[in-house]
> 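Would you mind keeping the following structure in view while I ask a few things?
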Amino acid sequence: VGKLLHVMRWTKPNLLDAVRETSRFMTGAVDGHMEALKRIMRYCVSTAKRGLVLKPEGIWDGTKKYLFTIEGISDFEYAKDETRQSVNRWSTFLCGAPISYCRKMMPIVALLVTKAELYLAVLCAQDMLFAMRIMNAMQLKVEMPMYLFVNNKGAKELCNNWFVGGGTQHVEVKQYFLPELKEAGLIEV
């Protein structure tokens with residue numbers, strides 16, 4: 001089952017939440033959890049010809065002068081779980097084709113929506129930097145700045161400015177990471 005779940009995770013991103021939820025009950029699972037797992041497996045079998053289409057934009061000419069693009073999108077569901085933790089979701093794209101999807105529970109309970117979104121934006125930016133470093137290690141160039149899409153206005157303002165005030169003073173350290181990347185010309189939020 002573990003190998004099957006790992007394969008499903010990469011081929012059907014729409015199942016990430018269902019797999020994450022069922023995997024939380026691997027110890028002490030009851031009949032309802034087994035039924036949920038069987039439902040996931042039936043869905044995979046019945047939709048075997050459907051899945052993620054990997055189709056990059058542009059055609060690489062094979063030279064080291066080609067500029068690859070890296071983009072990130074972050075989103076979350078605030079306080080969705082009974083523990084009041086948020087569910088983080090971010091994706092990284094290379095030339096428009098997804099290269100990573102991540103969905104996981106936020107390790108802390110965020111008191112502000114802006115704080116949760118900022119935390120997630122930093123995680124997505126780190127993933128984008130990792131992809132850029134892999135490309136650079138292969139001596140391939142990445143177009144700068146990379147673009148990070150955030151759907152929370154407060155978090156976007158914190159990412160683009162050095163100002164900290166009011167109820168956001170406690171997120172100061174994470175906040176400074178993204179403006180530094182912006183000043184270096186690496187990321188645009």
> I'd like to know whether CG of Asp31 has more than 12 heavy-atom contacts from other residues, nucleotides or ligands below 6.0 angstrom.
no

> Atom NZ of Lys38 and atom OG1 of Thr22: how far apart are they, to the nearest 0.5 Å?
13.5 Å

> In terms of hydrophobic clustering (I, L, V, M, F, W, Y; side-chain heavy atoms under 4.5 Å; direct or indirect links), are Ile59 and Met135 co-clustered?
no

> Under a 3.5 Å threshold, yes or no: a donor from one side chain and an acceptor from the other, between Trp90 and Asp75?
no

> Do Glu71 and Leu94 make a side-chain contact, defined as non-hydrogen atoms from C-beta onward lying under 4.5 Å apart?
no

> Any side-chain heavy atom of Ser100 within less than 4.5 Å of one from Asp127?
yes

> Evaluate the side-chain proximity of Phe68 to Lys141: yes if any heavy-atom separation is below 4.5 Å, no if none is.
no

> Using side-chain heavy atoms (C-beta onward) and a distance below 4.5 Å, is Val142 in contact with Thr69?
no

> Leu148 vs Glu188, test: side-chain contact (heavy atoms from CB on, under 4.5 Å). Steps then yes/no.
CA-CA 6 Å; Leu148 171 59; Glu188 185 71 35; over 6 Å; no

> Looking at CD1 of Ile187 and CD of Gln126, how far apart are the two atoms once the value is rounded to the nearest 0.5 Å?
9.5 Å

> Of the options Met41, Arg39, His33, which is the one that meets Leu37 in a side chain to side chain contact (heavy atoms under 4.5 Å, CB included)?
Met41

> Might you point out which heavy atoms bring Met128 and Thr92 nearest each other, and give the distance in Å?
CG-CG2, 4.1 Å

> Do you reckon Leu67 sits in the same ILVMFWY cluster as Trp60, going by side-chain contacts under 4.5 Å, direct or chained?
no

> I'd like to know whether CE of Met34 has more than 12 heavy-atom contacts from other residues, nucleotides or ligands below 6.0 angstrom.
no

> When rounded to the nearest 0.5 angstrom, what is the spacing between CG in Asn151 and CD in Glu117?
4.5 Å

> Does Met146 reach the side chain of Met132, with side-chain heavy atoms less than 4.5 Å apart?
yes

> Could you grab the distance from atom CD of Glu35 to atom CD1 of Ile40, nearest 0.5 Å is fine?
11.5 Å

> Taking the side chain as every heavy atom from C-beta outward, state whether Ile70 and Tyr147 have any atom pair closer than 4.5 Å.
no

> CZ of Phe130: more than 12 outside heavy atoms within 6.0 angstrom?
no

> First locate atom CG of Asn136, then atom CZ of Arg133, and finally report the distance between them rounded to the nearest 0.5 Å.
9.0 Å

> Restricting to non-hydrogen atoms, name the atom on Cys124 and the atom on Ser74 that form the minimum distance, rounded to 0.1 Å.
CB-CB, 4.2 Å

> Atom SG in Cys102, atom CG in Leu123: separation rounded to 0.5 Å?
7.5 Å

